[in-house]
Amino acid sequence: MKILTDKFKRKTVTAGLLSIVAAIAVFAVACGGTETVIQTVVVKEQVPGETVIQTVVVEKEVQVAGETVVQTVVVEKEVQVAGETVIQTVVVEREVEVAGETVVQTVVVEKEVPVEVVVVEEVEKEVEVVVTATPEAMMEEKLDLIDLPQSKSQPGHVIFADVGSALGAITGNGGSLPDAPLGGARNWGAGESLFTPGDADWDIPMLAESWDLADDLSSVTITIRQGVQFHNDWGELKAEDIAWVMNRTNPAINAESIAASAANLTALFGDVPVEAIDDYTISAQFNNFDVRWASNFLNQEASGGLTTIATSKRAFDENGRDWLKDNFVGTGPFAVTDFKSGTSATMTKVGYDHWRKNPSIESLRVLAVPEEFTRVALLQNGESDVSFIDPKDLARMKQSGFLEVGAGAGIQEGVMFPGNLWETTNAITGEAIDFPSHGVFVREIPWVGNPHNPEDADNPSGIDDMEQARLVRQALARSVDREAIVEHVLGGVGQPVHVTYFSTFNPNWESQFEYPYDPDEAGRMLDQAGYPADDNGTRFQIPLFVGPELGGGEGPAGEIGDAIAGFWEDVGIRVEVLKYAYGVFRPGLVSRSTVVPMLTSCDDGKESYPFDWPKGLVQTTLTRGGFSCGFESPDILAWYEAAASEPDRSERIRINKEYLAYMHNWALFPGYVTVPQAYYANPNYIAEWPMHVGNSYNSPENIVLR
C-alpha cells in the first residue's frame with residue numbers, strides 16, 4: 001500500500017485561493033495491523049465573496065465480515081464567505097441491516113447554512129489508524145453501492161453533470177475564436193460539420209453532400225446540402241458560411257485565431273482561402289494534402305475540437321464580434337438557448353423538422369461540476385441524469401446498476417517535452433529559423449537537446465547534448481510504474497501506454513516499443529547523462545504542467561500527474577506539478593517558447609484513432625502560427641508528409657512503424673496510461689444513448705427516455 005501514500009501525494013501549484021483543503025494519507029495494513037500516518041491540513045485565506053470547495057474528513061466505524069474497520073470519508077462542500085447563505089453538503093450516519101449485520105451507512109443531505117470567515121494556518125499532525133478487516137473485506141466496503149434513484153428532471157428534459165473543464169469552451173467568447181462558433185456545440189447536438197464519424201468509418205458526410213477530389217490531390221470541391229437551416233431564423237446555410245468559418249479558423253489567414261488545433265488547417269490549406277464558388281459549392285486548394293482531410297480536419301470529431309462548425313456569416317456581419325461572443329448560431333437538432341461562462345449550457349430542441357433527426361428529448365442542460373464527489377451525489381439523488389465519472393468510481397457505478405454510455409474513446413495521457421526544436425527551416429514558408437536567438441536554448445535544460453550546438457561544457461565525456469537529453473527522457477519514461485497508476489489512481493480501469501498516439505491493443509503494436517518499469521536503469525541513465533544525485537538525493541528540478549484533458553488539474557489528469565511526479569522523485573528528480581489554467585500555458589506552445597513538460601494527449605492521443613493515420617503533424621513546423629506539442633523534428637516531418645499523401649493503408653502502417661521506433665528511441669512523448677471517458681446514466685430515466693465513435697460524448701438527439 002506504500003504506493004497510495006508516497007507516489008500520489010504531490011506538491012501542486014493551482015490558480016486561485018482555496019478556502020480549506022484537507023488531505024489525509026492513510027497507510028493500511030491487513031488484519032489487525034496498526035500504523036502511524038501523517039495527516040496534513042492546509043487552510044488558506046479566502047477572498048470574500050468567492051465560492052470555494054471545502055473538504056472535511058469524517059471517520060466512522062463499520063462492521064464488515066464481523067470485524068471493525070475505521071473508515072475515513074472525504075466530504076466536499078461549497079462555502080461562501082461574507083455571511084452568504086449557501087448549499088452545504090454534510091454527512092449523516094445511520095444504522096442499517098445488511099445480511100444480518102449492523103452497518104453504519106453514510107448518506108448525503110443538503111441544507112442551507114450561513115458561512116463566515118477563514119484563517120490562514122498550516123497544520124501537520126500524526127494520527128493513528130487501526131485496520132482490522134481483511135483486504136478483501138475492505139475492497140467490498142469501499143465500493144459502497146448506490147441505490148438507483150428516480151429522476152427529478154421534468155419529463156423530456158435531461159441534466160448532465162460534466163467535469164468542470166468540459167465547459168472550458170464556454171469562456172464568454174463564443175468558442176475558441178473571437179468570431180467563430182462554440183467548439184463544444186458539436187458534443188451537444190447544436191453544431192454540425194461537413195463530415196462526421198459513423199459506426200466504423202470516420203468520413204461520413206454530414207453537411208457535405210458530395211465532393212470531387214482532384215486526381216493529383218491538389219484540391220477538393222465540396223457540395224453542401226441544400227435546405228439546412230440556421231437556428232433562430234438566420235436563414236439557410238450557404239457555401240459562403242462554410243468558407244468563412246474555415247478561413248476565420250485558419251491562423252495563416254486570420255492571425256487572431258486561437259482555435260484548438262486550428263493550425264491543422266494552416267498545414268492543410270496554407271494561406272490560400274477556401275472559396276465559395278456558388279451558393280452550395282466550396283473549393284479548397286491543399287497546401288499539404290492529408291488523407292484525413294475529411295475524416296479528421298473537416299470532421300465533427302476533428303482532432304482537438306477544430307472550430308470548423310457551420311455558423312452564420314450574416315449573423316456576424318449584422319451583429320458584430322461582441323454579439324457572437326455570447327450567441328451561438330448553429331444548424332444542429334438542438335439550439336443553444338442559454339449558457340453561462342464556465343458554468344452551464346442549455347440546449348433546446350429546435351421547433352421545426354430538422355434535416356437530419358428530430359430529438360426525442362426536449363432539452364439537454366450541461367452543468368460544470370469539477371468535484372467527483374458532487375457529480376456522484378447528483379446522480380445518486382436524481383438531481384442529474386448523466387454524470388462524468390472518474391475512473392476510480394467506475395466499478396462502483398457499474399455494480400450499482402447505472403447505465404454506461406460513451407463514444408468508445410480512451411484518452412492517452414503522455415508527457416511531451418517542449419523545447420526540442422530540431423527543424424532548421426519553416427516547412428510552410430521555406431525560411432530559415434533563427435535558433436541562436438531562440439530562448440529555449442539560452443541555458444542548459446536536462447530534457448532539451450540542442451542539435452544546433454550539440455557540444456557544450458555540460459556534456460559528459462563521450463556524449464553530445466542530444467544524447468544527454470535523450471538519456472534523461474528515457475529515464476523519465478522508465479521510472480514510472482504504469483500498472484500501479486492504473487490500479488491505484490484509475491481504480492483498475494484503463495491500461496498502460498508507452499508511446500503516445502499508439503494503442504498497445506492495436507494488432508500492429510509490438511512489445512519492443514514498451515518502456516519497462518526499471519528505476520535502477522533509470523538511475524543509471526541519469527548518472528550517465530551527468531546528473532548524479534547530490535547529498536540530498538536530488539539530481540535536478542523539473543516542472544510538470546497538467547493539460548486540459550480529463551478535467552485538467554481538477555480531474556483524473558491531476559491525480560495522474562501527481563503519481564508520475566512521485567515516481568520521478570523516487571529517482572532523485574524534484575518535481576513541481578502545475579495545475580493552473582490551460583489558457584495561461586497555451587501561448588508558450590503556439591510561440592514555441594515553453595520548455596515545460598506537459599501531461600496531455602496532444603490532439604491525436606486517442607485510442608479510437610486508426611494506427612495508419614498520419615502521425616506527428618503538430619510535432620512539426622507545419623503548424624507554426626498555431627498549436628503544437630512544443631517540439632519539432634525534420635524526421636517526423638518527413639514521415640508525416642509521406643503518410644499523409646500515401647493512399648495505400650498498408651504502406652501508411654509501415655511508415656508509422658518507422659515513426660514509432662523513432663519516438664520510442666528519442667522519448668519525446670512517452671505515454672503512461674489510457675483513461676476511459678466514462679459517463680453513467682440513470683437507467684430509471686434514460687433507456688439508451690447511442691453515440692458515434694469519437695473523442696467525447698455526442699449525439700444527444702439519440703437519447704431515448706423511459
Side-chain angles (χ1 to χ4, degrees), residues 167 169-194 196 206-209 222 224-251 253-260 262 265 273-282 284 298 300 302 305-341 344-356 359 363-364 366 701:
L167 298 187
I170 305 179
T171 56
N173 66 357
S176 299
L177 289 177
D179 51 5
L182 182 66
R186 74 190 193 282
N187 303 114
W188 305 333
E192 296 177 314
S193 297
L194 289 172
T196 187
M206 193 177 217
L207 294 176
E209 186 173 66
I222 303 173
I224 67 171
R225 295 182 182 276
Q226 299 186 26
V228 176
Q229 297 298 311
F230 281 120
H231 301 151
N232 304 321
D233 299 322
W234 280 106
E236 185 184 7
L237 169 70
K238 297 290 183 67
E240 179 186 36
D241 301 300
I242 294 288
W244 174 75
V245 168
M246 293 168 67
N247 292 332
R248 293 299 301 178
T249 303
N250 184 349
I253 297 173
N254 173 25
E256 295 179 352
S257 174
I258 56 171
L265 294 187
V274 175
E275 294 184 352
I277 57 179
D278 61 37
D279 280 352
Y280 301 104
T281 311
I282 62 172
L298 304 182
Q300 182 81 346
L306 286 170
T307 311
T308 53
I309 300 168
T311 195
S312 171
K313 182 178 183 297
R314 182 167 70 89
F316 168 78
D317 291 341
E318 293 183 9
N319 293 291
R321 292 174 54 174
D322 290 341
W323 181 88
L324 202 64
K325 290 178 181 180
D326 298 313
N327 296 271
F328 172 69
V329 179
T331 61
F334 292 93
V336 178
T337 51
D338 178 69
F339 77 78
K340 296 179 174 61
S341 177
S344 66
T346 300
M347 280 60 64
T348 304
K349 175 182 177 180
V350 297
Y352 49 84
D353 282 339
H354 189 261
W355 74 268
R356 181 165 53 85
S363 74
L364 172 71
V366 181
E701 62 271 17

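Source: prediction; values computed, not measured. Count residues from 1 along the sequence.
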Test side chain to side chain donor-acceptor pair (under 3.5 Å) applied to [X] - qualifying residues, sequence neighbours left out:
| X | value |
| --- | --- |
| N232 | none |
| E236 | Y280 |
| D233 | none |
| D338 | K340 |

### Task
Using the test salt bridge (Lys or Arg N to Asp or Glu O under 4.0 Å), find all partners of E240 that sit at least two apart in sequence or belong to another chain.
none

### Pairing residues for K349 by the salt bridge (Lys or Arg N to Asp or Glu O under 4.0 Å) criterion, not counting sequence neighbours
none

Would you compute the distance between atom [atom1] of [X] and atom [atom2] of [Y] and round it to the nearest 0.5 angstrom?
| X | Y | atom1 | atom2 | answer |
| --- | --- | --- | --- | --- |
| L237 | D279 | CG | CG | 10.5 Å |
| L194 | I222 | CG | CD1 | 5.0 Å |
| K238 | I224 | NZ | CD1 | 8.5 Å |
| W244 | F316 | CH2 | CZ | 5.5 Å |
| R225 | W355 | CZ | CH2 | 4.5 Å |
| I309 | L207 | CD1 | CG | 10.5 Å |

### Task
For side-chain contact (heavy atoms from CB on, under 4.5 Å), just list the numbers for R356 and M206, CA-CA rounded to whole Å, side-chain angles, deciding distance to a tenth of an Å, and then say yes or no.
CA-CA 9 Å; R356 181 165 53 85; M206 193 177 217; 3.6 Å; yes

### Message
With heavy-atom distances below 4.5 Å as the criterion, would you say the side chains of I282 and M246 are in contact?
### Response
yes

### Any E701 side-chain heavy atom under 4.5 Å of F334 side chain
yes

Grab the two heavy atoms, one from [X] and one from [Y], that are nearest each other, plus how far apart they are.
| X | Y | value |
| --- | --- | --- |
| D278 | A239 | O-CB, 3.3 Å |
| A190 | M347 | CB-CG, 4.4 Å |
| N250 | L265 | ND2-O, 3.6 Å |
| A243 | A276 | CB-N, 4.2 Å |

Determine yes or no for a side-chain-to-main-chain donor-acceptor pair under 3.5 angstrom, with [X] supplying the side chain and [Y] the backbone.
| X | Y | answer |
| --- | --- | --- |
| E192 | A310 | no |
| T308 | L298 | no |
| H231 | G332 | yes |
| T249 | V245 | yes |
| E275 | T281 | no |

For [X], check side chain to side chain contact (heavy atoms under 4.5 Å, CB included) against everything at least two apart and list the hits.
| X | value |
| --- | --- |
| P273 | N247, I253 |
| S363 | H157, T348 |
| R314 | W234, S312, E318 |

